[in-house]
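In what follows, a single structure is set out as structure tokens and then discussed.
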Amino acid sequence: MRLKVIIISITILIISVFIVMQFVSKDQKSIEVIETPKDTILIKKDELLTEKGNNKGEAHYEFSYAIKDNSKIHYSFSDKNKRGITFIIYNNDKSEVISRGHTNQENNFLLESTFSLQKEGNYKITIVSDDGDGGENYPISVLVELLPN
């Protein structure tokens, strides 16, 4: 009887060791953690060009950029009615054009650009319809985001 208990114990021990070794010996992939900035989206809008006031058919936005962001600026602009719209990014006092584009058939009414900013501060975006009726009720989509350098 004692011999049976010893044989059963040894068998259970060998099986347990075998099971544990199978689990431990499997290749385990390491997980790489990539830190990304928490607030990478500066502007994200899907809306209509304004219908009232002095800025009829226009849209105006602002975003801030800090050197510590160490990022490029990427924008995407869609002229959903395919009318032809001008998109301009200026410095804060509008004395310098940072980026400019115009939607048309050649670019499928979609503008995209990525660039680096040399100065921190506030930047202004002006979007203007150019078909003569002020562009009221024209749907647009604007995305401005930070991308790693």
Side-chain angles (χ1 to χ4, degrees), residues 1-51 55 57-129 135-149:
M1 177 76 178
R2 194 167 184 206
L3 184 59
K4 280 185 173 181
V5 170
I6 293 175
I7 291 175
I8 292 175
S9 297
I10 290 175
T11 304
I12 291 174
L13 180 65
I14 290 173
I15 291 172
S16 298
V17 168
F18 179 75
I19 290 172
V20 169
M21 290 302 293
Q22 289 297 316
F23 177 74
V24 171
S25 69
K26 287 185 180 180
D27 290 338
Q28 296 183 8
K29 295 180 181 178
S30 64
I31 298 173
E32 183 179 344
V33 176
I34 300 173
E35 288 189 36
T36 57
K38 293 178 184 172
D39 297 324
T40 59
I41 296 178
L42 302 174
I43 298 171
K44 185 175 185 179
K45 301 283 184 181
D46 279 304
E47 58 191 16
L48 299 176
L49 290 179
T50 185
E51 302 173 29
N55 296 323
E58 296 183 10
H60 299 274
Y61 306 102
E62 284 190 34
F63 66 92
S64 295
Y65 175 77
I67 298 294
K68 67 177 176 67
D69 292 335
N70 191 29
S71 300
K72 293 179 181 176
I73 299 293
H74 173 80
Y75 72 81
S76 175
F77 172 71
S78 175
D79 172 2
K80 294 181 178 182
N81 271 7
K82 301 181 178 181
R83 299 289 187 162
I85 295 178
T86 300
F87 180 94
I88 307 168
I89 298 177
Y90 297 98
N91 64 345
N92 192 42
D93 64 2
K94 291 191 169 185
S95 64
E96 179 184 354
V97 173
I98 307 300
S99 184
R100 176 186 203 107
H102 181 264
T103 62
N104 55 41
Q105 284 183 327
E106 289 178 15
N107 58 26
N108 200 24
F109 298 92
L110 176 69
L111 299 174
E112 285 194 277
S113 182
T114 302
F115 54 90
S116 296
L117 289 171
Q118 304 305 316
K119 297 178 186 175
E120 63 181 46
N122 294 327
Y123 291 85
K124 296 184 178 189
I125 297 174
T126 299
I127 298 169
V128 182
S129 169
E136 63 184 76
N137 295 319
Y138 288 178
I140 60 172
S141 177
V142 179
L143 173 67
V144 179
E145 62 187 335
L146 296 171
L147 293 181
N149 270 333

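Predicted model only: the values in this text are computed from it and were never measured.
- The nearest pair of heavy atoms linking Tyr65 to Asn70 is OH-N, 4.2 Å.
- We find the CD1-CD1 distance between Ile127 and Ile89 to be 9.0 Å, quoted to the nearest 0.5 Å.
- Heavy-atom contacts from other residues, nucleotides or ligands closer than 6.0 Å to NZ of Lys72 number 12 or fewer.
- In this structure, His102 and Asn107 approach most closely via the heavy-atom pair O-ND2, 2.8 Å.
- Residues that satisfy the ring-ring contact (aromatic ring centres under 6.0 Å, His included) test with Tyr75, not counting sequence neighbours, are Phe87.
- From Lys80, atom NZ reaches atom OG1 of Thr103 across 13.0 Å, with rounding to the nearest 0.5 Å.
- Counting heavy atoms from C-beta on, the side chains of Tyr61 and Leu42 never come closer than 4.5 Å.
- Pairing each heavy atom of Ala59 with each of Ile140, the nearest pair is CB-CD1, 4.1 Å.
- Between the CG atom in Asp79 and the CG atom in Asn108 there is a gap of 10.0 Å [rounded to 0.5 Å].
- Counted by atom type alone, Asp93 and Ser95 present one or more donor-acceptor pairs between their side chains at under 3.5 Å.
- Taking each heavy atom of Ser129 and Ile85 in turn, the nearest pair found is CA-CG1, 4.0 Å.
- When all heavy atoms of Lys119 and Ile67 are compared, the closest pair comes out as C-CD1, 4.3 Å.
- Side-chain contact between Val144 and Tyr123 is absent, with no heavy-atom pair separated by less than 4.5 Å.
- Put simply, OG on Ser141 and NZ on Lys45 are 11.5 Å apart, with the number rounded to the nearest 0.5 Å.
- Between Ile125 and Phe77, every side-chain heavy-atom pair lies at or beyond the 4.5 Å cut-off.
- The shortest side-chain heavy-atom distance between Asn122 and Ser64 falls under the 4.5 Å cut-off.
- Lys124 is listed as a side-chain neighbour of Asn92, based on a closest heavy-atom distance under 4.5 Å.
- Of all the heavy atoms in Leu110 and Ser76, the pair that sits closest is CD1-OG, 3.9 Å.
- Take Tyr90 and apply the ring-ring contact (aromatic ring centres under 6.0 Å, His included) test, not counting sequence neighbours, and it matches no residue.
- For Lys94, the NZ atom is densely surrounded, since the number of other residues' heavy atoms within 6.0 Å is greater than 12.
- Residues meeting the side chain to side chain donor-acceptor pair (under 3.5 Å) test with Glu120, sequence neighbours left out: none.
- Atom CD1 in Ile73 sits 9.5 Å away from atom CD in Glu145 (nearest 0.5 Å).
- Distance CG/Asp69 to CG/Leu147: 12.0 Å, rounded to 0.5 Å.
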